[in-house]
A.B. asks: 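Next up is a structure, given as structure tokens.
Note that ligands are numbered from 1 as they come in the structure, with each ligand's atoms numbered from 1 the same way.
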Amino acid sequence: MKRITTLLLCLLAIVNLSAQSHSHTGPGAITYPNIEGYITLKADLHQHTVFSDGNVWPRIRVMEALRDSLDVISLTEHLEYQPHIDDIPHPDRNRSFKLALAEAKDHNLLVVHGTEITRQPPAGHSNAIFITDANPMLVKDSVAAFAEAKKQGAFVFWNHPAWYPQSRTGNPILSDFQKDRIKNNELHGIEVINSKDYAEESLALALEHNLTIMGTSDVHDLITWDYTQEDNHRPITLIFAKEKSEASIREALFQRRTVAAYNDLLVGRPEFLNPLLQSCIQITKASYIPDSDILEVVLRNVSSSDLLFENAMPYTFYSRAPIFEAPAKGTVVLQIKTLERMKAVDLRLKALRAYTAPKTQPTLSWDVTVE
Ligand code: ZN
């Protein structure tokens, strides 16, 4: 009996611990809640395989995406840069897409046909996705490659514009080439997060030129090598779509309904980032500590991002610093000194690792009804 009691206590302790702990120990689904009017789809639309300079077969990318619980991926092989071509000759530049598509067919994962147009500055690197055939984009003239992508109805985004091998300051250089592409409706998005790099200057360009905000892994080796266990998950783009279909995702991207997400960092336009943050936090309990005017509120973070908040209320906390973390898939308890007993409280918090513009973090508010 004692042994059973001990076992039960251990189990209870484990259950309790896991409720408090972070999600990034070991493999786990990446989760973000839906927002009103849209479902939130998780996308990694910039990845490589052996069909360009990556080091894994397309099947592995599909398996990794399923393991991370992604909804949509694209394999964006460099058209022009083919270091494995002697070992894996493939005159058809659509080959990796076809292999991934066949692999994903029995799973709830969408594979979008894409490719990377790879040039020296000023053109730089761009991904064209929702293409019908990569081969005709393999042309010398950069302008012609973009024109072909447009002809195929592609959504095109500028990859790692802040990458220092192409811009030594680590800041994006918007050249006449990009300006012309934007003007011609041939460039629609921009990576503000590429692999582990976030560029505020790229976010500024996105806002100034009305481009879709993107976050991608640009993975070349295994996801678990490039994004180790200390990291929560690979950078992704959260897409707010009407349904989980290719057409809906395409529409959402052209309409700029995205948030770039990498671990605890979330970057997006306020009309999508704010409702996302709002949905990430659920109030599971709100009651006064007996014989006190201290309101205890339990927040549950249902997302895969550790969220860092700062108290933005007129009331102070009893037991905690004004800056606190709501761990991914975990809970946090706030004790708010409301000075008198109230029936409802406007919980106001500033999200410190979320950006709607460079150096601009949103303040969110939740209606808390006291039990
Ligand atoms: Zn790439």
A.B. asks: Quick check for you: with the Zn ion (ligand 1) as the vertex, what angle do OE1 of E116 and NE2 of H48 span, to 10°?
C.D. replies: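 Between OE1 of E116 and NE2 of H48, the angle at the Zn ion (ligand 1) is about 90°.
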
A.B. asks: With the Zn ion (ligand 1) as the point of reference, which N/O/S atom of D218 is the closest?
C.D. replies: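 When I compare the N, O and S atoms of D218, OD1 is nearest to the Zn ion (ligand 1).
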
A.B. asks: Check whether any side-chain N or O of Q152 sits under 3.5 Å from a backbone N or O of T132 as a donor-acceptor pair, and report yes or no.
C.D. replies: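 Side chain of Q152 to backbone of T132: a pair is present.
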
A.B. asks: Strictly distance-based, threshold 3.5 Å: is any side-chain N or O of T360 a donor or acceptor partner for the main-chain N or O of P358?
C.D. replies: yes

A.B. asks: Indicate yes or no: does R67 engage E64 in a salt bridge with an N to O separation below 4.0 Å.
C.D. replies: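 Result for this pair is no, no salt bridge flagged.
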
A.B. asks: Looking at the Zn ion (ligand 1), is one of the N, O or S atoms of H220 less than 2.8 Å from it?
C.D. replies: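 Short answer: no, not a single N, O or S atom is under the cut-off.
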
A.B. asks: Decide, counting backbone as well as side-chain atoms, whether H46 has an N, O or S atom less than 2.8 Å from the Zn ion (ligand 1).
C.D. replies: yes

A.B. asks: Could you check whether any side-chain N or O of D44 sits under 3.5 Å from a backbone N or O of I73, counting only pairs where one atom can act as donor and the other as acceptor?
C.D. replies: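 A pair under 3.5 Å: no.
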
